[in-house]
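When a ligand or atom number is given, it counts from 1 through the structure's own listing order. No experiment lies behind these values; they were computed from the predicted model shown.
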Amino acid sequence: MKGLTVGQCSGIGWAGATTCVSGIVCNKQNDWYSQCIPGTATTTTSTTTSITVPTNTTTAETNQPTSSGTELPVGTLYTGCKVSGTVAITFDDGPYQWTSALIDSLDAAGAKTTFFMCGKLYGCIYDYANVVKKAHASGHQVAAHTWSHSDLTTLSVADVQRQMTKINTAFQKILGIKSKWMRPPYGAANAQVLTTPRKYGLQGCNSVATSQSIFNALGNDPKIVPLEHDALQTTAQTLGPWIANWAKQKGLKTVTLSECMGEPIPSGQYTTVGGATTKDSTWVC
Ligand SMILES: [Zn+2]
């Protein structure tokens, strides 16, 4: 068998390939996620200076949550929470028509979550600018899931950069921020992708495995990062709010990805560039 060069190779609910290419072992991250990582991909040194944070920044929102902590290095894959008692629910592939009502449900449950957004997938992000603003203003973390949901391992370095620049340009125009976090579509990242200066939040569980029975079977402090899809009606209307409620009943705090990682907020989440703009003719996909 040829085996995987990168990506998930085991975990609860995982039905894909389970062997890595010769020379790489399937590294267990937690019960939910094991991955094939090339040797260079786990290096956490020398990449922390890759992000330039402007010093003359202003935040787009004045009611954003803040907290102190230690910012994680970029160029690294993260798969589970570090802070005990927290769960970081993540929603991928939006914004779409179900996202706004999902935010209402989450806010009503007192849950902060993370939205890994695309620029152009189910919808065009500029057409959902008010939803993006609503998520951010409610204290949810807004993060990147590439512009058009590409498998980054099939692209050139320049095209990977374009995928990230384009979605962050949209975030800058709409929110006045750029995301430091991204999740590669299909969980597909290789050493080349990891050279782009981002923190990579991979899933703590496979979307196929997000059944209520699996959540109910978890231990008291699973530190999971569930991956859901807010572009799916059933997830946005039923499963997403259900997970938030499940966490609450277990006494777990549903927080943003950065908070569950113990990062400072908002500096762990965003390179704040300031200057959100109003809608103009460039707000198109
Ligand atoms: Zn996706």
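SG distance check for Cys26 and Cys20: not under 2.5 Å.
At most 12 heavy atoms of other shown residues, nucleotides or ligands fall within 6.0 angstrom of atom NZ in Lys253.
Among the atoms of Asp93, an N, O or S atom falls under 2.8 Å from the Zn ion (ligand 1). With a cut-off of 2.8 Å, the Zn ion (ligand 1) has no N, O or S atom of Cys118 in range. Distance check for His229 against the Zn ion (ligand 1): none of its N/O/S atoms falls below 2.8 Å.
Note that the CG atom of Leu218 and the NZ atom of Lys250 stand 6.5 Å from one another [nearest 0.5 Å].
Criterion: ILVMFWY side-chain heavy atoms under 4.5 Å apart, direct or through other members. Under it, Val74 and Ile265 are not part of a common hydrophobic cluster.
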